[in-house]
Visitor: 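Please read through the structure below; I'll follow up with questions.
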Amino acid sequence: MTETNISNKGSYWGYAPAPESADHFKLKEQYGLFIGGKFVPAGSGKRFATINPANEKALAQIADAGEKDVDRAVKAARTAYEKVWRKMSGRERGKYLYRIARIIQERARELAVVESMDGGKPIRESRDVDIPLAAAHFFYHAGWADKLGYAFPGKTASPIGVAGQIIPWNFPLLMVAWKVAPALACGNTVVLKPAETTPLTALLFGEICQEAGLPDGVFNCITGAGSTGAALVKHPGLDKVAFTGSTDVGKAIQKSLAGRSTKLTLELGGKAANIIFEDAAIDQAVEGIINGIFFNQGHVCCAGSRLLVQESVEQEVVEKLKARMEHLIVGDPLDKNTDIGAINSKAQCERIRDYLKVGQDEGAELFQTKCPVPEKGYWVRPSFFTKVAQSHRIVQEEIFGPVLAIQSFRTLDEALEKANNTPYGLSGGVWTDKGAKIFKVTRGIKAGVIWANTFNKFDPSSPFGGYKESGYGREGGRHGLRPYVELS
Ligand code: ADP
C-alpha cells in the first residue's frame with residue numbers, strides 16, 4: 001500500500017464529505033447576559049464576537065460583562081437562594097434537574113452542532129461525548145437532590161449559598177453540567193462564566209433553564225474575558241468559587257481569595273503519562289494513544305500527552321502509531337468523518353506552534369502527519385516528538401494541542417519515576433496484560449484518575465480531579481457533592 005492511497009484525497013480509502021447540517025436552528029445575532037432568568041445587555045453596552053475557529057467567521061456578538069453586571073448577577077443568585085432555592089425540598093429541586101436533562105436530550109442535535117461551530121471540536125465528539133455526558137450529569141445529580149442524607153450518612157447536608165463558577169473552552173457545555181448540576185442539586189445558586197471563545201452553549205443553557213421553568217436567578221451566566229472572571233472571583237457575595245482552567249489562572253484565583261472564607265475548588269492543567277508495557281495488546285494501546293491525545297485536538301486537561309513505552313516494543317509502537325496517525329482526518333468539525341477539528345483559537349494555535357519549535361530547538365525529533373488541512377481557520381497536524389529528555393519543556397509543560405512526547409523505559413520503577421516527574425497529577429494510563437502491574441502502576445502514580453487498558457472514559461458517578469499543581473477538589477460522584485454542602 002503506498003502513501004497516496006492511504007490519504008483521504010479521493011482514493012479508495014477516502015470518504016465522501018458528510019457534513020452535519022446547521023440549518024435546523026438559528027443562532028441569534030447577539031446574546032445578552034443571562035441574569036435573573038432574563039437575557040439582558042451588559043451595562044456598558046460592550047460586546048465581543050465569538051469566532052468559528054474552522055473558518056474565522058463571527059458566529060454571534062456576545063455581551064461583555066463588567067463589574068456592575070457581575071454584581072447584578074451575584075445579587076440575583078443571592079435573592080433566588082434566600083427566597084426560593086434553599087427552601088425548596090430536594091425532591092422539587094430534583095424535578096428541575098430532570099427537566100433540564102431531558103431538554104438537553106431534546107436539543108442535543110442543535111447543541112452538538114453549536115458546540116462544534118463555536119469550539120472547533122469534531123461533531124462526532126460533541127454529538128457522542130459532550131452532549132450525552134452533559135445530560136447524564138443532570139440525570140445523575142437529579143437523583144441525588146433528595147438523597148443527600150444517603151450521600152453523607154449520619155450528617156445533615158445544607159447548601160452553602162452562591163457559587164461563582166468559571167470554566168474553560170475545551171468542553172463548554174459539559175463543563176457547565178459538571179459545575180452547575182451538583183451545585184443546584186445541593187441547593188446552591190450559581191453565577192457561571194464560560195470561556196470567551198466558547199460562550200454559546202452556556203447561553204443556550206440559559207434558554208434551557210427558562211424552558212425548564214427553573215426559578216429566576218438560580219442559574220445566571222455572565223460572559224466576558226479573564227477580567228470578567230477576575231471580577232466574579234473578587235465579588236464579596238460569593239460563598240464558593242469553582243474553577244477549571246490553566247494552572248496560572250488557578251493560582252491567581254487562589255491568591256485573590258486569600259484571607260476570605262469563600263470555599264474554592266480548582267481543576268487545573270495536566271501532563272498525563274500513558275504507560276505501555278511490552279505485554280500490552282499493542283494495537284489497542286495505539287488506539288488508546290490516539291484517543292488520549294489526538295481526538296479533540298489535544299484540548300483535554302487529562303490528555304495522555306506523554307507516552308512512556310517499554311524499550312522492547314518502542315519501535316513497534318512508534319511505527320504503528322505513525323501508520324495510524326496518517327489515517328487521521330483533520331478538517332471541518334461538522335463533518336462526521338473528521339477525527340481532529342480546529343484548534344480553538346488563533347492564540348492557542350500560535351502557542352502550540354511555538355511548542356513545536358521549542359521541541360525542535362531543544363533537540364527532539366518531530367514527526368507530523370502529511371494530511372491536508374483547510375486554508376482558513378486554525379489547524380495543527382497530529383504530531384509527536386521522539387528523542388526527548390525529561391528536562392525538555394515539551395515533556396514538562398502542558399501544550400494543550402495534538403502533540404505527544406514519547407519516551408522509553410526499561411522497568412516498572414523507571415516508568416513510575418518518569419510518570420511522576422511532573423508538577424501535575426491529574427490523570428494517567430496503563431496498558432498491560434497483567435492485572436498485578438495495573439495495580440502497581442495505579443498505586444504508584446500520583447494522579448486523580450488512572451485508566452487501565454483504556455483512556456479518557458468518563459462517567460458522572462466517577463469522581464474527577466487532581467493532585468499537586470493540577471488542583472484540588474473532585475467533580476462527579478459522591479465526592480463531587482462535598483464541595484457544595486455544609487455538613488452538621
Ligand atoms: P486556558 O489556558 O485553558 O484558556 P484559562 O485559565 O486562561 O485557560 O481560562 C479559563 C477560564 O478562566 C476562562 O473562562 C477565562 O476567561 C477565565 N479567566 C482567565 N483569567 C482569569 C482571571 N484572572 N480570573 C478569573 N478567571 C479568569
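Whatever order the structure lists them in is the order used to number ligands and atoms, beginning at 1.
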Visitor: Taking the six-membered ring for Trp, are Trp178 and Phe464 closer than 6.0 Å centroid to centroid?
Guide: yes
Visitor: Can the ring centres of Phe138 and Phe205 be said to be less than 6.0 Å apart?
Guide: yes
Visitor: Can you report which non-hydrogen protein atom sits closest to atom 16 (O) of ligand 1, along with the distance?
Guide: Glu196 OE1, 2.7 Å
Visitor: Which protein non-hydrogen atom lies closest to atom 13 (C) of ligand 1, naming both residue and atom, and how far is it?
Guide: Ile167 O, 3.5 Å
Visitor: Using the ring centroid of each side chain, check whether Trp85 and Phe219 are separated by less than 6.0 Å.
Guide: no
Visitor: Against ligand 1, does Phe243 come closer than 4.0 Å with any heavy atom?
Guide: yes
Visitor: Are any of the side-chain nitrogens in Lys251 or Glu469 under 4.0 Å away from the carboxylate oxygens of its partner?
Guide: yes
Visitor: Between Asp239 and Arg78, does any side-chain N to carboxylate O distance fall below 4.0 Å?
Guide: yes
Visitor: Take every heavy atom of Ala225, measure it against each atom of ligand 1, and state whether any distance is under 4.0 Å.
Guide: yes
Visitor: Parallel, tilted or perpendicular: which describes the rings of Phe458 and Trp451, with under 30° parallel and over 60° perpendicular?
Guide: perpendicular
Visitor: May I ask you to establish whether Arg99 and Tyr96 are in a cation-pi arrangement, using a distance under 6.0 Å from NZ or CZ to the six-membered ring centre and at most 45° from the ring axis?
Guide: yes
Visitor: With Tyr81, which residues qualify under ring pair (Phe, Tyr, Trp, His ring centres under 6.0 Å), at least two apart?
Guide: none
Visitor: Provide the number and element of each atom of ligand 1 under 4.0 Å from a heavy atom of Ile166.
Guide: 11 (C), 12 (O), 14 (O), 17 (C), 25 (C), 26 (N)
Visitor: List ligand 1 atoms under 4.0 Å from Pro194, heavy atoms only on the residue side.
Guide: 14 (O)
Visitor: Just go through Ala195, Ser246, Gly226 and tell me whose heavy atom is the nearest to atom 2 (O) of ligand 1.
Guide: Ser246
Visitor: If I apply the N/O under 3.5 Å rule, does Lys193 come out as touching ligand 1?
Guide: yes
Visitor: Write out the residue and atom name of the closest protein heavy atom to atom 26 (N) of ligand 1, then the distance separating them to 0.1 Å.
Guide: Gly229 CA, 3.6 Å
Visitor: So which heavy atom in the protein is nearest atom 27 (C) of ligand 1, and how far is it from that ligand atom?
Guide: Val249 CG1, 3.6 Å
Visitor: Which residue and atom name correspond to the protein heavy atom nearest atom 3 (O) of ligand 1, and how close is it?
Guide: Trp169 NE1, 3.7 Å
